[in-house]
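Quick notes on the structure that follows.
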Amino acid sequence: METLTVPGTLDSLSPIASYVMDAARQANLDKKRAYKLRLAVDEIVSNSIIHGYQEAGLTGDLTLSMAIENSTLTLVVEDSGLAYDPMHHNLPTEDDLGKSLMQREHGGLGIYLVLEGVDDFRYERIGDRNRNIFVMTHSVETTD
């Protein structure tokens, strides 16, 4: 699959979702795991667009790439927005998750969904780029 490069705008969410779902199909992820990957990528991409570009008064692209090796799909999202390591965000506690949206502090729920939805998530800052790495494993079916 080719790399996808799109503008860092909310209009790019649809082509990004299509790219992620195509990658999930190629990796033979079941529908539930494909949806979790799509949701995780959407959370990170939305944060990159809104906080890394729009609120910062910056423009730039988002680049997605993927690789399938053995039973693992690795999907990488890069942007040149403000540096933001989602792993250093306060995640909601079990107590927070039991509260209504009005009672809960704002932020962290999207990152929680990312971490709960994928098998592995990593963040790197490479030069002036944010790199978010999503890893999903899948079963390799064998026939007798």
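Interatomic distance, Ile68 CD1 to Leu75 CG, rounded to the nearest 0.5 Å: 10.0 Å. The distance from the CZ atom of Phe134 to the CZ atom of Arg38 is 13.5 Å, given to the nearest 0.5 Å. Interatomic distance, Asp42 CG to Ser14 OG, rounded to the nearest 0.5 Å: 10.5 Å. Going from atom OG1 of Thr3 over to atom CG of Leu64 covers 9.0 Å, rounded to the nearest 0.5 Å. Going from atom CG of Leu13 over to atom OG of Ser46 covers 4.5 Å, rounded to the nearest 0.5 Å. Taken from CG in Leu10 to CD1 in Ile49, the straight-line distance is 5.0 Å, to the nearest 0.5 Å.
For residues 124-136, the pairs satisfying side-chain hydrogen bond (donor to acceptor under 3.5 Å, both in side chains) are Glu78-Arg129, Glu78-Arg131, Asp79-Asn130, Tyr123-Asn130, Glu124-Arg131, Arg125-Asn130, with sequence neighbours left out.
Counting only heavy atoms from C-beta outward, the side chains of Asp120 and Arg122 approach each other to under 4.5 Å. Within the 4.5 Å cutoff, the side chain of Thr74 has no heavy atoms near those of the Glu69 side chain. For the pair Thr5 and Leu62, the minimum side-chain heavy-atom distance is 4.5 Å or more. Side chains of Leu29 and Lys36 form no contact here, defined as non-hydrogen atoms less than 4.5 Å apart. Thr63 is not listed as a side-chain neighbour of Leu4, based on a closest heavy-atom distance of 4.5 Å or more. Side-chain contact between Val6 and Asp61: absent, with no pair of heavy atoms (C-beta onward) separated by less than 4.5 Å.
Asp30 has no carboxylate O lying under 4.0 Å from a charged side-chain N of Arg33, or vice versa, which leaves the two without a salt bridge.
Side-chain heavy atoms closer than 4.5 Å link hydrophobic residues (I, L, V, M, F, W, Y) into clusters, and following such links, even through other members, never connects Met21 to Val118.
Considering all non-hydrogen atoms of both residues, Met66 and Ala23 come closest at CE-CB, 3.7 Å. In terms of heavy atoms, Leu73 sits closest to Ala27 at CB-CB, 3.8 Å.
No side-chain N or O of Thr9 forms a donor-acceptor pair with one of Tyr53 less than 3.5 Å apart.
Grouped with Ile133 in one hydrophobic cluster are Val76, Val135, the linkage being side-chain heavy-atom contacts under 4.5 Å among Ile, Leu, Val, Met, Phe, Trp and Tyr residues.
Residues meeting the side chain to side chain donor-acceptor pair (under 3.5 Å) test with Ser12, sequence neighbours left out: none.
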Take Glu55 and Ile50 through the side chain to side chain contact (heavy atoms under 4.5 Å, CB included) test and state the conclusion after the steps. CA-CA 6 Å; Glu55 290 177 357; Ile50 293 167; 3.6 Å; yes
